[in-house]
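Side chains included, hydrogens not; waters and symmetry mates left out as well; all remaining heavy atoms used. Atoms within a ligand are numbered from 1 in the order they appear, just like the ligands themselves. One is the number of the first residue; the rest follow in order along the sequence. Everything numeric here is computed off the predicted structure, so don't read it as measured data.
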Amino acid sequence: MTIQNIIKFINTTDYFIIFILIIITYIFNFYYKHFTRLNPIPCPLPLPFIGNLHNLGYDVAIFYKQCQQKYGDISEAILDRRYIILSRPEYIEKFFDRRIFFMRPYSQGADEIGMYGHGTFFNNNYESWKHNNKFFTDTFISQRFIDNAIKSTNELYKELSNYWQSLGNQNSSNNSSNYSNDNWTLETDFSQWFNRFTNDIVSIISTGERTYSIASYYNTQSLIKSEYSGALVEDGDKFVKSIVKYLEGLVVFAFFNPFIRHYIPIIKNKSNIYLKNRDYLFEKLDKMIIKRRKEIEKISANTEMRIDMLSSLITANTNENDSNGEVLKSMPDEEIRGMLLEAFLGGTATVSCKFILLHNLLYLMLSEIDHVLPKSIDKSCVSYNDLQELRYCEAIIKEACRLVPAVPFTYRTITKEHEIAGYKWPPGTNFLLNFLAVQVHPEFWPNPEVFNPDRFYNDDQNDKRLGDKSAFMMFGGGKRICPGRMLAMVELLLLMVLVYENYNVELVNKNEPLKISSQLNTHCKELRVRISPRT
Ligand code: HEM
């Protein structure tokens, strides 16, 4: 009997029964594999097809923290694959060994969204990662770039301050008859300003060009418009929104398996929106590269090059030979785009999120700022050395980051057998390093939920655990430690000096919980504050 004849004999009920049998076999196989897996670790029960995706909820980091609370310092979850969740410093320590290059789990989603294999974060090719990482490190840690960042932050702050003053005056003149130029109040959303501020700064440092994104936010709030052309400002607004959207989409591409992304209607639609946003963003970054390439071609050999990462990336290796005398290839545009993308992703929401959560202990913060940088000195001359003296302010930043990490977890995959947390794991096992849970672990932090910067200030506290690098991982660790860490700290300290010295900033709604959510990084959705000049 031919297959066609067999098909003729099968009716609708038979098809239905076959379908049900396939599903039952799949479910049986799924749970068989689950209950006979190597090193079974306590975990929430996964469901066929979706694993533990239904447990993720809106906040991924909270889910991992709950795993620690419910199942202990080692637990596991099935997302696009099995992840072992490590929530104790000793378990994580191994991944911070600077001699080992740990890979990140391969992710088809990261490939689809255009990050896999480029830049550093999702790059598992050691040679290419090393090359790119050196670029980031040279850029963001060199004194020349840091000085440029300080200068640009000062200049941009002046612009921000003018916008606040203008908005404050517009609002106060409407609402009160006895206001004056230095006696105004502005109620506004801090998170919108600083997402844009840090985007503008990272753009200046990375590309030498502004995105005009703070001007764009000012225009949406003000009757008087900024001096920049409408098109530039609109472009800046679209750009910063697209960076934030790209970051938001990363979680869908990193953790949802391809079947769900491609075939489940609501998620498929969302994924398509993120892919469209990727296309816009990549086109924009490509245009920046082409423009700068053309500018560089016109610059004569004797002229000094502008200090920005894009120029360095474009001119890298040109006219140079390797140790064997071979002419080195310059970096392809696709690779440069990957590096720019990571700089924008790393520099936009992470720094701003941290900055806007620094309200606590304002009084102590201000007295240190006034002591190190007396009010009389011109803040636009603040040097890197001055900032290093702000030790209490730095402790505040660290403590805020301990409680609400800007990056609440990271991940690694192993390529050789390793013993971790008392179990032997085969190559290919994926691990989640659960920073959020470790940084409030009661065995390592006394009164973990209490905000107390003294933990990072009092050197003589003699608390051995503070010396344990894996109990506090603001910037991760090992070879893959954040290359933007120095820039991030400088920017945070400088913004603290500039904003809090000159303005009274108070929360509009002191009792309202913070509107934050964590995907791959923590994002502050809104923070309503009341700003007025400090006299
Ligand atoms: C407060 C601000 C910031 C925080 C808290 C932060 C934190 C982190 C953390 C925890 C990681 C993961 C490290 C690991 O896997 O061990 C990371 C990676 C990274 N960060 Fe940052 N970051 C910040 C700002 C920045 C800035 C300003 C940039 C660049 C402009 C940047 C660029 C990167 C890059 C490229 C990586 C990937 C490194 C790799 O995998 O080799 N970050 N960051």
Non-hydrogen atoms of [X] versus ligand 1: any pair closer than 4.0 Å?
X      : value
Arg485 : no
Trp129 : yes
Phe122 : no
Glu491 : no

Checklist entry - Looking only at non-hydrogen atoms, which of Ala400, Ala149, Ala488, Pro483 approaches atom 19 (C) of ligand 1 most closely? => result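 Answer by nearest heavy atom: Pro483.
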Checklist entry - Is it the case that more than 12 heavy atoms not belonging to Lys130 sit under 6.0 Å from its NZ atom? => result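 No.
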Checklist entry - Are there more than 12 heavy atoms of other residues, nucleotides or ligands under 6.0 Å from atom NZ of Lys238? => result no
Checklist entry - Does Arg210 come within less than 4.0 Å of Glu159, counting only side-chain N to carboxylate O? => result yes
Run the numbers for me: atoms of ligand 1, each under 4.0 Å from some heavy atom of [X], listed by number.
X      : result
Phe136 : 35 (C)
Phe435 : 10 (C)
Glu342 : 35 (C)
Ala406 : 5 (C)
Met474 : 5 (C), 7 (C), 10 (C)

Item to check | Close side-chain approach of Arg455 to Lys398, heavy-atom, < 4.5 Å | outcome: no
Checklist outcome for this item: Per side-chain contact (heavy atoms from CB on, under 4.5 Å), Arg480 is matched among Phe121, Phe475, Trp129 by Trp129
Item to check | For Phe122, all residues meeting ring-ring contact (aromatic ring centres under 6.0 Å, His included), sequence neighbours excluded | outcome: none
Next on the checklist: Taking distance alone, with N or O pairs closer than 3.5 Å, would you say Gly477 contacts ligand 1?
Outcome noted: yes
Next on the checklist: Below 3.5 Å, N or O to N or O, backbone or side chain included: is there any such pair between Lys479 and ligand 1?
Outcome noted: no
Checklist entry - Taking the side chain from Asp189 and the backbone from Glu526, do they hold a donor-acceptor pair closer than 3.5 Å? => result no
Checklist entry - Do side-chain atoms of Glu417 reach the backbone of Lys424 as a donor and acceptor pair under 3.5 angstrom? => result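 Here the side-chain-to-backbone pair does not exist.
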Next on the checklist: If we set the cut-off at 4.0 Å for heavy atoms, which region of Tyr411 has an atom near ligand 1: side chain, backbone, both, or neither?
Outcome noted: neither
Next on the checklist: Below a 4.0 angstrom heavy-atom separation, can you tell me which part of Phe95, side chain or backbone, both or neither, approaches ligand 1?
Outcome noted: neither
Item to check | Non-neighbouring partners of His418 that pass side-chain hydrogen bond (donor to acceptor under 3.5 Å, both in side chains), sequence neighbours left out | outcome: none
